[in-house]
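See structure below.
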Number of protein chains: 2
Amino acid sequence: MRQDASPRQGQRDTASVTLQDIAAHAGVSRSTVSLVLRESPLVAERTRSKVQRSIKTLGYVYNRGAAALRGSRTSTLGVVVYDIANPFFGAMVAGIDAALNREGYVSFLANSEDSPARQQRFLERMREHRVDGILLCPAEGTDPGLINTLSGWGMPCIQVLRHVGEPPFDYAGTDFHQGVCQAMDHLVALGHRRIAFLGGHYEHSATRERWQGYRESLERHGLTYQRLLRSTVTRRDGVAMIQQLMAESPAPSAVVCHNDLVAFGAMLGLRRLGLVPGADCAVIGTDDVEEASLGEPALTSVATHPHAIGEEAARLALRRIANPEGAREQVVLAPRLKVRDSCGATRPEPGATWTEPATGEHA
Amino acid sequence: MRQDASPRQGQRDTASVTLQDIAAHAGVSRSTVSLVLRESPLVAERTRSKVQRSIKTLGYVYNRGAAALRGSRTSTLGVVVYDIANPFFGAMVAGIDAALNREGYVSFLANSEDSPARQQRFLERMREHRVDGILLCPAEGTDPGLINTLSGWGMPCIQVLRHVGEPPFDYAGTDFHQGVCQAMDHLVALGHRRIAFLGGHYEHSATRERWQGYRESLERHGLTYQRLLRSTVTRRDGVAMIQQLMAESPAPSAVVCHNDLVAFGAMLGLRRLGLVPGADCAVIGTDDVEEASLGEPALTSVATHPHAIGEEAARLALRRIANPEGAREQVVLAPRLKVRDSCGATRPEPGATWTEPATGEHA
DNA sequence: TGGTGTTTTTGGATTGATCTAAAACTTAGC
DNA sequence: GCTAAGTTTTAGATCAATCCAAAAACACCA
């Protein structure tokens, strides 16, 4: 109820052009402008272009906050990973970003550092911000009931890479089971009979799948040597585990590793023992991170395509938001074994297999 | 103006407890509840605890969207990097996340892929979401006027690592100039007289600083050999550049590299030529990424502390939001040279200098 | 010309918080 | 007991959009 008619009297904020102002300028109602903005087919072509011209002229900026208050969508998503400094997650987040960007969504990112408490704090904050959904790589030790809690909050949750709780739930990841089988089959075909598996905690779904793949492969090929070492999954663990194993009798002739970091550690450990990775003991990693194709020897690895997983997860989230009651989906990508030198299959002269990925620059 | 008194009649949404409902339950007004939520000292202790009890009982969830509409803060920030898959940025984002988390802020993340167009789209979206500020690692080719544009939009912008436009602006980064000087001084002290610099585009502030550091160091030490090769900054570039240099006469006895990736490439290139990094040609990188301390030989590198830069940048952003008209700040961290094997200064037996960083696990 | 059926457009209520200025309640002093 | 000052609390307007139901504009045909 402004006494005088002049619109911007008190404040000279440039950023305060509203629907109302557009409506006045174009000589239509607020509602019509709103319809134009949302590209409704209801509004006539002449009106539409007239309104659009006013929008341009006045330099209007859509206020998503206000829209979200009345409407039902915020066009935002929460993304939780447990180690953003890991390039694997970097690539995954890049995939998520690419897929969301195409649909006009933006995402809040949080790094849980594998702490359920931090994860919980962030999720509560996301709830206050009314995000339309959550992409969650659950932190170690996450309460299995969390997914139901989130669903009770009305926040659809897509689990990524790991999952907790009972199916059905939405999930996007890689078939770790199959990945390990591929690695095992390859080693068996090369003649290996004593193959060990290195690394992983029991708590994770992703770890259980790998171990299951290992045990099943042993059985399928009728191998009796079985050696599975638990650990956290750093380079240092790789070094320690391979040194322990090589001191045993009989020692393994090949190892499959939980991820590439463990594999790098294993190779380093072998070298310290005066052994040659690929010749004295074959090494296969998981993930196929950028450094895998470099180094001496180049690491054979099961590629898990983090960028693609990110895209799939994001797309699944958008599907779930559009249709909250739809059947839960599990998107599981097939991994692919990238054979290089560390498994002893190839032994080219130096430089012959040089393939450089195009990414990885900065500043 | 509900006709009947019963509050949740139409919809049975659990998630729709509002200030109004709390007020009714506690027997106070909406305003009082709002004051309690914002921890205002105005409200009496008795009332406060009564209201707090109602909040707990009814399971109220704060609606930040509604608060942001009326108030002036959204408690959100936009973060733009150009390559989130690069572990350097991963660490930086982790630092940002840690600092923001402490203050109740959350951040939107976008990956510009060094495309000014993508960057622009994201910034416009951030404007629609009314973020309180922006942390920007400007994409290559960013219009120098962008910072002023953002300031015209009322979005404070902190530039990170790189900067465009004219000072004064808010900035957080590393002293690249000093970093290169440290590396050069070290090499000169080891007796090197022919030192080359590898990599970088001209467009970036960060690159210009490095080159300036290189040229100044040469002058200060009275060195006449000068060789500066431009390039993008991948491993492949490192390989190509070192091979070109070693074919020249005289060849350099040491190289300082734009970042660690280029340095890894340079070491690989040397090995392909049958030369030993550190013995036949010293190599120093920049960033001190995780892999630097591993590998053969371990890479001497100028540590640029990405996590700390992220924290500083985030803190600066919060300061600027609290005081938009305050003097612009430049937070420039000092880099530190980490001497390892690749510069030939040390030559320990294998395994003696093993230091494993604690991070880097996944899934 | 009037009735009918479609397109378009619109006012008013609504979303859930904050802001402002004023009202209600304490306490103290004379 | 009454006023003044200080402390708490409150009603109503406001922020900038969307939703809904109803009104207006238009087209078509008997």
Side-chain angles (χ1 to χ4, degrees), chain A residues 1-3 7-11 13 15-24 26-51 54-55 58-75 127-130 154, chain B residues 1-3 7-11 13 15-51 54-55 58 60-75 127-130 154:
Chain A
M1 280 220 198
R2 290 155 172 162
Q3 277 273 329
R8 333 165 206 140
Q9 178 106 73
Q11 289 150 302
D13 286 25
S16 58
V17 180
T18 78
L19 273 199
Q20 187 72 272
D21 300 325
I22 305 292
V28 296
S29 77
R30 223 167 50 258
S31 313
T32 304
V33 179
S34 177
L35 291 172
V36 170
L37 283 173
R38 286 175 292 152
E39 305 187 328
S40 160
L42 285 178
V43 47
E45 189 47 41
R46 279 176 48 89
T47 327
R48 150 190 250 79
S49 61
K50 187 171 59 180
V51 169
S54 296
I55 288 173
L58 299 188
Y60 169 75
V61 179
Y62 189 63
N63 186 329
R64 280 184 193 276
L69 182 56
R70 191 61 177 79
S72 53
R73 298 273 152 83
T74 55
S75 301
R127 191 185 184 196
E128 294 182 352
H129 281 284
R130 306 277 136 110
Chain B
M1 289 240 184
R2 287 154 172 163
Q3 277 273 326
R8 335 168 204 139
Q9 178 104 73
Q11 289 150 302
D13 286 24
S16 59
V17 180
T18 78
L19 274 199
Q20 188 72 271
D21 300 326
I22 304 293
H25 186 268
V28 297
S29 77
R30 223 166 50 257
S31 313
T32 304
V33 180
S34 176
L35 290 172
V36 170
L37 283 173
R38 286 176 292 153
E39 306 187 326
S40 161
L42 286 178
V43 47
E45 189 47 44
R46 279 176 49 88
T47 325
R48 148 190 252 79
S49 62
K50 187 171 58 179
V51 169
S54 296
I55 288 174
L58 299 189
Y60 169 74
V61 178
Y62 190 62
N63 185 328
R64 280 183 193 275
L69 182 57
R70 192 59 176 81
S72 52
R73 298 274 152 83
T74 55
S75 300
R127 192 186 184 195
E128 295 182 351
H129 280 286
R130 306 277 135 111

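Predicted model only: the values in this text are computed from it and were never measured. Within every chain, numbering begins at 1; the chains are lettered A, B, ... in the order of the sequence lines, protein sequences first and strands thereafter.
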With side chains defined as the heavy atoms from C-beta onward, is the minimum distance between Asn63(A) and Thr18(A) less than 4.5 Å?
no
Whole angstroms only, please: what is the CG-C1' distance between Leu42(A) and dC26(D)?
15 Å
Nearest whole angstrom, please: distance from the C1' of dT9(C) to the CZ of Arg48(A).
14 Å
Is there a side-chain contact (heavy atoms from CB on, under 4.5 Å) between Arg48(A) and Glu39(A)? Walk through the geometry before answering.
CA-CA 9 Å; Arg48(A) 150 190 250 79; Glu39(A) 305 187 328; 4.2 Å; yes
At a cut-off of 3.5 Å, list every protein nitrogen or oxygen paired with a nitrogen or oxygen from nucleotides 22-25 of chain D, distance to 0.1 Å.
none

Calculate the interatomic distance between Glu128(A) atom CD and dG16(C) atom P; express it in whole Å.
15 Å
Send over the distance from Ile55(A) CD1 to dA17(D) P, rounded to a whole Å.
10 Å
Among dC15(D), dT18(D), dT10(C), which nucleotide sits nearest the side chain of Arg70(B)?
dC15(D)
I want to check one thing: is the phosphate of dT9(C), taken as OP1 and OP2, less than 4.0 Å away from some side-chain N or O of Thr47(A)?
yes
Sugar-phosphate only, base, or nothing, as touched by Ser72(A) at under 4.0 Å among non-hydrogen atoms:
nothing
Closest of dT9(D), dT18(C), dT9(C) to the Leu35(A) side chain is dT9(C)
Mapping Tyr62(A) and Ala66(B) onto DNA chain D by nearest heavy atom, which one lands closer to the 5' end?
Ala66(B)
Rounded to the Å, how far apart are Arg73(A) CZ and dA17(D) C1'?
16 Å
Closest nucleotide among dT9(D), dT18(D), dA17(C) to the Leu19(A) side chain
dT18(D)
Taking the nucleotide of DNA chain C with the closest heavy atom to each, which residue, Leu69(B) or Arg38(B), is nearer the 5' end?
Leu69(B)
Does Thr32(B) place a side-chain N or O at less than 4.0 Å from the phosphate oxygens OP1/OP2 of dT10(D)?
yes
To the nearest angstrom, the CZ-P distance between Arg127(B) and dA16(D) comes to 14 Å
Candidate nucleotides dT18(C), dT10(C), dA16(D), ranked by approach to the side chain of Val28(A) - the nearest
dT10(C)
Out of dT8(C), dG16(C), dT18(D), which has the shortest distance to the side chain of Ala44(A)?
dT8(C)
Are Ser29(B) and dT10(D) close enough that a side-chain N or O sits under 4.0 Å from OP1 or OP2?
yes
Where the side chain of Thr74(A) meets the backbone of Ala68(A), is there a donor-acceptor pair that is under 3.5 Å apart?
no
With distance as the sole criterion, do the side chain of Ser31(B) and the base of dA11(D) form a donor-acceptor contact below 3.5 Å?
yes
May I ask you to check whether Ser34(B) and Arg30(B) show a side-chain donor-acceptor distance below 3.5 Å?
no
Please round to the nearest 0.5 Å and tell me the distance separating atom CG of Leu37(A) and atom OG1 of Thr32(A).
11.0 Å
Measure the distance from CD on Gln20(B) to C1' on dT15(C) and round it to the nearest whole Å.
12 Å
Measure from CZ on Arg30(A) to P on dT9(C) and round the result to the nearest Å.
16 Å
Evaluation steps, side-chain contact (heavy atoms from CB on, under 4.5 Å), between Val28(A) and Ile22(A):
CA-CA 8 Å; Val28(A) 296; Ile22(A) 305 292; over 6 Å; no
Going by heavy atoms in the side chains, are Tyr60(B) and Val33(B) under 4.5 Å from each other?
no
